[in-house]
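Working notes, structure below.
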Amino acid sequence: MIFNQELTKSYFEHMLTIRYVEEALADEWDKGLVPGMLHLACGHEAVAVGVACQLNNHLDQITASHRGHGAAIAIGVPLVPMISEVLGLNGLNGGFGGTQHIASPKHGFLTANGIVGGQVPLAAGAALSAKIQKTGGIAVTFLGDGAINQGCVLETLNLAKILSLPLLFVIEDNGMGATIGSAYSTAGEIENRARAVNMQSYSVDGADILAVVDTATQAVASVRSGGGPAMIVARVKRLDGHYYSDPQNYRSPQEFKQAREHHDPIERLSSVMMTMGWSLTERNHIEHRVKARITQAVEQAHLCPQTDEQYLAFNVYGGVAS
Amino acid sequence: MTQITIQAALNKTLHRMMHDDNTIIFFGEDVVGGSGIVDGKPLGGMFGVSAGLRDAFGPERVFDTPISEASFIGMATGAAMTGMRPIVELMFCDFIGVCFDQIINQAAKVRFLSGGNIAVPMVIRATMGAGDGSAAVHSQSLAHLLTSIAGLHVAMPATPSDAASLLQTAIACNDPVIFLEHKGLYDFQEDVPDNLILAPQNSAPLGKGRIVMAGSDVTIVAFSAMLHKAEAVAHKVAKVGITIDLIDPRWAAPLDLELILTSVERTGRLIVVDEGAAHAGLAAEVISQVCRHGFHHLKCAPVAITPPHTPVPYGKNLEQAWLPSEDDIEAQLHIIIQHV
């Protein structure tokens with residue numbers, strides 16, 4: 001695949017947006033302004049952006065994990081209400097769901113999920129709807145390698161295959177489920193789980209956005225054209241803790257240093273672009289622009305009021321429409 | 001009037017509703033039957049409730065699933081979130097053990113977590129109930145586990161007429177509804193109006209119970225199959241001058257507390273009969289609510305008639321001993337009537 005400079009610049013900017021939002025949220029957490037735990041997507045940006053750029057957020061639906069901010073931003077969930085939501089204000093979901101339950105189907109982001117693997121069967125449902133309604137849409141579910149050992153995920157690989165659902169499984173394989181390494185927890189290669197059900201799988205370096213785009217282009221095209229479900233296994237490194245402020249004593253300092261130096265998708269793309277004749281000034285210019293935008297978004301997000309307690313029970317039941 | 005069984009009432013309702021609304025889809029284990037088997041004949045569901053649906057509505061809307069409850073209940077939830085009205089069959093309510101996450105953490109919470117942006121109009125039909133020698137994990141009555149989860153409705157029809165109208169309401173509802181069908185009642189017949197399935201006025205409103213027999217001495221609240229045992233006892237004691245206000249709540253959630261309280265206000269005596277849990281079950285909940293909100297109307301302590309706090313046994317004598325019986329109800333009636 002040939003990438004022109006405009007396209008690569010836009011990938012850079014999108015990844016930087018995710019990174020800066022995550023860093024800004026971490027700052028808010030440090031100030032005590034985030035109610036719960038933050039599971040940051042730092043290091044996973046290329047997977048979110050590389051897959052989302054192949055999607056149409058009017059037709060397609062994403063479900064994502066507890067580490068779902070990146071995919072939400074990449075598919076086009078508006079930043080200000082999303083940040084308000086993470087701050088527990090009357091944001092995207094009224095402050096009822098928060099960081100692990102971002103949901104905005106009208107922007108192609110059906111829902112994130114607080115249960116590891118819980119989002120995967122839901123995506124099968126979105127794929128089923130698209131298939132029955134013949135919308136031409138597909139569903140994409142983002143999950144970590146930790147989720148690959150959940151029963152409902154393995155069940156859904158099989159179910160999606162036998163029903164030939166337009167569903168793309170995107171495994172963000174960071175090699176860790178919370179504090180446990182996949183060398184311990186996962187027998188065999190993740191790709192074999194797809195092979196077991198005769199599902200096409202693609203392996204890609206998830207820190208290399210251009211490779212992810214290339215892979216996603218093929219996988220999405222195959223799923224969209226009625227080829228049935230497919231799986232992308234994207235190898236990434238988690239550049240932050242399981243949750244923000246996680247001391248990560250379970251991780252070796254060398255491994256973490258290596259991850260930061262060699263598996264940061266933003267730095268990786270920047271190096272490639274430098275070889276394409278990009279200048280540091282140009283990079284700084286984009287950085288300032290994105291930083292300013294995120295700073296402003298956080299400020300605006302704070303202007304959002306809290307949801308009044310009188311609405312606590314408003315969204316539990318819908319009942320029967322009269 | 002027509003004689004009809006609960007099984008037939010459900011089947012006819014499904015045909016009618018799916019005919020009228022093509023966003024309704026139907027799937028589960030063996031609901032068509034014979035899929036993947038050369039020259040296999042369709043089964044139409046383990047209890048025949050989905051007979052003919054595949055032929056009427058095609059393979060896209062009616063299909064078998066693998067034995068993967070977590071996955072297909074989750075798929076139903078996702079489909080409901082994106083414009084369909086799925087009806088899924090969980091062959092036995094006991095199987096919620098393998099898909100509980102998708103029911104209590106996903107389906108039940110989507111509306112809340114999305115701040116009201118996403119509705120989940122789905123029906124999970126499941127069988128319940130003991131009496132047929134199916135032993136401990138194909139016989140339970142687990143309504144109480146589900147009623148304690150905010151975001152779910154739980155229907156428990158006991159008659160063909162209610163089976164049809166509650167199902168219509170459940171399908172029309174914009175929330176997940178767990179629809180519990182007692183295995184022992186599928187063949188239960190009664191006369192129903194010829195237009196039962198067609199007349200929307202027959203719809204049982206969400207959360208509304210009904211007075212099955214009016215009386216002034218004792219209120220009996222009986223769920224699902226227990227209703228018929230209580231009704232038999234009520235007819236029997238009427239002959240000795242005891243009149244029963246017999247209530248079928250029809251919905252375990254929302255519970256029609258108003259109907260029950262109004263009755264207790266008249267009678268001052270309450271017996272609750274449920275085939276579910278002896279501890280923290282529907283009987284305990286009804287009694288707790290009545291004590292909290294209508295204590296001053298009570299002449300004596302309310303009575304819960306449930307099975308003992310054990311799993312459902314297999315042997316015929318053991319299972320019969322386990323189930324609440326008409327004798328149990330009658331004995332408790334004669335005790336409670338002494339209190340003035």
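Naming: A, B, ... by sequence-line order, numbering from 1 per chain.
- Both the backbone and the side chain of Phe72(B) come within less than 4.5 Å of a heavy atom in chain A.
- The two residues Leu152(B) and Tyr317(A) have their closest heavy-atom pair at O-OH, 3.3 Å.
- Considering every non-hydrogen atom in both Ser129(A) and Met84(B), the closest pair reads OG-CG, 3.2 Å.
- Enclosure of atom CD in Gln306(A) is not indicated, since only 12 or fewer non-hydrogen atoms of other residues, nucleotides or ligands lie within 6.0 angstrom.
- In this structure, Leu128(A) and Ala79(B) approach most closely via the heavy-atom pair CD2-CB, 4.3 Å.
- Considering only heavy atoms from C-beta on, Asn117(B) comes within 4.5 Å of Asn93(A) through its side chain.
- For Asn158(A) (side chain) and Ser68(B) (main-chain N/O), no donor-acceptor pair under 3.5 Å exists by modelled atom type.
- Surrounding NE2 of His19(B) are at most 12 heavy atoms belonging to other residues, nucleotides or ligands under 6.0 Å away.
- Of the listed residues (Ala124(A), Gly94(A), Ala130(A), Gly95(A)), the one with the most heavy-atom contacts under 4.5 Å to chain B is Ala124(A).
- Within the 4.5 angstrom heavy-atom criterion, atoms from both the backbone and the side chain of Leu110(A) approach chain B.
- Legend: residues meeting side-chain contact (heavy atoms from CB on, under 4.5 Å) with His101(A), ordered by chain and number and at least two apart, are Leu113(B).
- With chain A as the partner, the residue from Thr65(B), Asp101(B), Asp175(B) showing the most heavy-atom pairs under 4.5 Å is Asp175(B).
- Put simply, NZ on Lys109(B) and CD1 on Ile115(A) are 8.5 Å apart, with the number rounded to the nearest 0.5 Å.
- Interface remark: Ala172(B) contributes backbone and side-chain atoms alike to the contact with chain A (heavy atom separation under 4.5 Å).
- Ranking Asn90(A), Thr63(A), Asn113(A), Thr307(A) against chain B, the residue ahead of the rest is Asn113(A), based on heavy-atom pairs under 4.5 Å.
- Counting heavy atoms from C-beta outward, Leu165(A) and Met75(B) have side chains that approach closer than 4.5 Å.
- Between chain B and the residues Ala313(A), Gly98(A), Gly97(A), Ala139(A), the largest count of heavy-atom pairs under 4.5 Å involves Gly97(A).
- No more than 12 heavy atoms of other residues, nucleotides or ligands sit less than 6.0 Å from atom CD1 of Ile67(B).
- The local environment of NZ in Lys161(A) is crowded, with over 12 non-hydrogen atoms from other residues, nucleotides or ligands closer than 6.0 Å.
- Proximity to chain B is absent for every atom of Ile102(A), based on heavy atoms less than 4.5 angstrom apart.
- Minimum interatomic distance between Ala103(A) and Ile118(B) (heavy atoms only, all atoms of both residues): CB-CD1, 4.0 Å.
- Side-chain N or O atoms of Gln106(B) include none that pairs as donor or acceptor with a backbone N or O of Gln119(A) at under 3.5 Å.
- Across Thr82(B) and Ala126(A), no two heavy atoms sit closer than the pair OG1-CA, 3.7 Å.
- Only the side chain of Gln133(A) has a heavy atom closer than 4.5 Å to any heavy atom of chain B.
- Inter-residue side-chain proximity for Ser114(B) and Thr111(A) is flagged as unmet; no heavy-atom pair is nearer than 4.5 Å.
- Looking at every heavy atom in both residues, Gly151(B) comes nearest to Val316(A) through N-CG1, 3.5 Å.
- Not one N or O on the side chain of Thr77(B) forms a donor-acceptor pair closer than 3.5 Å with the backbone of Leu122(A).
- Counted within 6.0 Å of CD on Glu258(B), heavy atoms from surrounding residues, nucleotides or ligands total 12 or fewer; the atom is thus considered open.
- Atom NE2 of His293(B) has more than 12 neighbouring heavy atoms from other residues, nucleotides or ligands inside a 6.0 Å radius.
- Using a 4.5 Å cut-off between heavy atoms, Ile171(B) makes no contact with chain A at all.
- Looking at Thr23(B), there are no atoms closer than 4.5 Å to chain A (heavy atoms on both sides), in backbone or side chain.
- Pro121(A) has its side chain within reach of Gln102(B): a pair of non-hydrogen atoms, C-beta onward, lies under 4.5 Å apart.
- Only one option out of Leu159(A), Leu157(A), Leu154(A) pairs with Ser71(B) in a side-chain contact (heavy atoms from CB on, under 4.5 Å); it is Leu159(A).
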